[in-house]
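Structure record follows, encoded as structure tokens.
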Amino acid sequence: MKNEVKEIELAEKLAALPKVSLGFFPTPLHKLENISKDLGVNLYIKRDDFSGRNLFGGNKIRKLEYLLGDAKKQGCEYVFTYGATQSNHAMQTAAACRTVGLKPVLYLVAIVPVDENDIRSNLLLDQIFDAEIHIVSVQEGETEEQAEERSFVMAAERQKELEAEGHKCYNVPMGGASYVGSTAFMGGYLELTKQMESFNLHADYLFHATGTGGTLAGLVAGKKAMESDTEIVSVNVSAKDDSYLIHVADLANEALDHLGLDTRIDGFKDLHTDLNYYAPGYEIPNERAKIAIKYLASMEGLLVDPVYTGKAFAGLLDYIRTGKVKQGSTVVFWHTGGATALFAEKSIVGL
Ligand SMILES: *Cc1c(COP(=O)(O)O)cnc(C)c1O
């Protein structure tokens with residue numbers, strides 16, 4: 001079912017976009033031999049945890065190649081972004097900015113309170129990358145969302161200050177979830193397709209963790225652009241309602257439009273998100289993820305994280321064991337990174 005014309009068309013359109021080089025692509029794709037035998041499927045893993053120049057890559061590097069390319073093209077000097085204190089995205093943005101001579105400014109909401117005497121993992125790395133860090137604590141009577149909103153207001157004020165001094169600023173939304181970032185995962189989908197073809201294989205299923213939806217939007221847009229029939233199963237890492245499907249479809253359609261492609265996504269038809277594996281909540285561990293992390297580690301010597309990839313991998317295992325994924329299927333698990341969380345606060349790790 002190779003669609004060479006579509007592949008070439010998509011590659012050409014992506015090549016015309018502004019981009020900086022931040023990692024090593026294509027990321028490796030390899031088989032998980034032991035688990036494949038154990039579960040009766042052909043399971044492959046796409047190693048976007050190996051995307052970066054340092055040890056701590058992840059899916060945001062792919063998006064940042066286009067986002068920072070856009071920032072450079074616009075002549076910006078500072079890059080603002082947002083997340084939780086242990087945000088993988090914020091850390092990868094700080095690293096990526098340093099690679100291309102931009103200055104990172106981070107607004108981080110302290111969902112888990114920060115112990116000043118015990119700064120760990122991504123927040124520690126943010127300091128090593130010498131990012132300008134603003135910690136926004138959640139105040140009495142305030143929800144996380146309200147603290148997040150407040151962090152945007154604080155950032156806007158800081159930007160005004162910098163711009164008044166003649167420093168142009170670029171805004172990367174939380175998770176890098178804009179159509180500019182999502183176009184990167186259209187490229188990711190193309191990259192995976194070509195790798196699978198080189199192995200003479202066709203993916204029946206693709207599993208991945210979904211948060212802000214930027215990765216999913218790009219994958220589903222890439223799938224649509226290439227008229228692929230691989231079923232994408234997107235395991236949610238936090239509570240979402242139907243507005244999520246609309247939001248992701250909008251992002252995907254903006255990415256398709258950005259590339260001048262006229263095909264479109266219908267959020268209710270083209271997206272398959274699963275809310276059964278994130279409970280009790282974002283950044284809160286659960287038993288199934290814990291078992292999945294240990295299973296992968298003991299069967300293959302590989303690591304996934306408790307916040308994203310561990311929950312997605314738990315979903316994948318459950319789909320296979322309950323027969324939702326048929327025996328003998330070819331399945332790809334997209335490793336989106338995040339293993340620094342294994343060194344974060346105990347409440348996040350849960351092991
Ligand atoms: C951000 C992140 C995701 C989710 O990607 P989105 O594009 O935000 O949906 C998945 N896994 C890891 C490790 C991440 O850091």
Side-chain angles (χ1 to χ4, degrees), residues 23 27 45-52 55-67 81-96 108 121-123 125-126 172-189 206-222 232-240 244-245 247-252 255 271-275 277-278 282-283 289 292-293 296 302-316 333-344 348-349:
T27 55
I45 189 162
K46 175 72 173 148
R47 301 297 300 274
D48 266 22
D49 54 327
F50 277 170
S51 62
L55 271 178
F56 312 111
N59 62 335
K60 306 311 183 303
I61 296 294
R62 221 180 254 284
K63 301 185 196 181
L64 285 160
E65 289 203 316
Y66 289 88
L67 289 160
T81 202
Y82 314 87
T85 43
Q86 284 302 350
S87 164
N88 297 315
H89 162 70
M91 181 277 286
Q92 289 171 70
T93 302
L108 306 176
S121 66
N122 285 332
L123 188 53
L125 295 171
D126 294 341
V172 173
M174 205 171 280
S178 71
Y179 67 86
V180 175
S182 288
T183 51
F185 267 91
M186 296 180 69
Y189 197 86
L206 168 60
F207 280 77
H208 73 108
T210 185
T212 61
T215 300
L216 167 55
L219 290 174
V220 80
I232 302 175
V233 182
S234 310
V235 181
N236 257 301
V237 299
S238 57
K240 306 273 167 42
Y244 185 68
L245 300 178
H247 162 72
V248 173
D250 284 350
L251 264 183
L271 300 173
H272 176 187
T273 66
D274 195 315
L275 288 158
Y277 302 97
Y278 76 82
Y282 179 68
E283 263 194 5
I293 291 168
L296 181 64
L302 288 180
L303 298 170
V304 283
D305 78 285
V307 183
Y308 292 96
T309 47
K311 288 182 177 175
F313 198 69
L316 177 151
F333 179 70
W334 202 300
H335 195 322
T336 46
T340 46
L342 294 169
F343 306 99
I348 296 177
V349 182

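Given the structure is predicted, the values throughout are model-derived calculations rather than measurements. Ligands are counted one by one from 1 in listed order, and the atoms in each one are counted from 1 as well.
- Put simply, part of Gly213 is less than 4.0 Å from ligand 1, judged by heavy atoms.
- Shown in contact with Gly214 at under 4.0 Å from a heavy atom are these atoms of ligand 1, numbered in order with element: 7 (O), 9 (O).
- The shell of residues lying under 4.0 angstrom from ligand 1, judged by heavy atoms, includes Asn59.
- Short contacts between ligand 1 and Asn88, defined as distances under 4.0 Å to a heavy atom of the residue, involve ligand atoms 13 (C), 14 (C), 15 (O).
- Thr27 and Lys46 share a donor-acceptor pair across their side chains, judged by distance under 3.5 Å alone.
- Between the side chains of Thr340 and Asn122, at least one donor N or O lies within less than 3.5 Å of an accepting N or O.
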### Task
Please report the C-alpha distance between Trp334 and Phe185 in whole Å, then the side-chain angles of each, then the deciding distance to 0.1 Å, and finally whether the ring-ring contact (aromatic ring centres under 6.0 Å, His included) criterion is met.
CA-CA 11 Å; Trp334 202 300; Phe185 267 91; 5.7 Å; yes

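- Nearest heavy atoms, Thr85 versus Leu108: CA-CB, 3.8 Å.
- The heavy atom nearest to atom 2 (C) of ligand 1, considering only Gln92, Lys60, Met174, His208, is found in Lys60.
- Scanning the protein heavy atoms around atom 6 (P) of ligand 1, the nearest turns out to be Thr212 OG1, 3.4 Å.
- Side-chain contact annotation: Thr336 with His208, donor-acceptor N/O pair under 3.5 Å absent.
- Residue Thr210 approaches ligand 1 through these ligand atoms, each under 4.0 Å from one of its heavy atoms: 9 (O).
- Ranking the protein heavy atoms by distance from atom 13 (C) of ligand 1 puts Gly337 O, 3.2 Å first.
- For the pair Lys60 and Tyr308, the cation-pi test (distance below 6.0 Å, angle within 45°) is passed.
- A side chain to side chain contact (heavy atoms under 4.5 Å, CB included) with Thr93 is found for exactly one of Asn88, Asp126, Thr81, namely Thr81.
- Within ligand 1, counting atoms from 1 as listed, the ones closer than 4.0 Å to a heavy atom of Gly338 are 13 (C).
- Considering all non-hydrogen atoms of both residues, Val237 and Ala209 come closest at CG1-CB, 4.1 Å.
- At a 4.0 Å cut-off, at least one heavy atom of Lys63 sits close enough to ligand 1 to count as contact.
- Close approach of ligand 1 to Thr215 is summarised as follows: ligand atoms under 4.0 Å from at least one heavy atom of the residue are 5 (O), 6 (P), 7 (O).
- Annotation: atom 9 (O) of ligand 1 to nearest protein heavy atom, Gly211 N, 2.7 Å.
- Under the 3.5 Å distance criterion, the side-chain polar atoms of Lys311 are matched with a main-chain donor or acceptor of Tyr278.
- Within the set Asn122, Val304, Thr336, Leu219, the minimum heavy-atom distance to atom 10 (C) of ligand 1 is found for Thr336.
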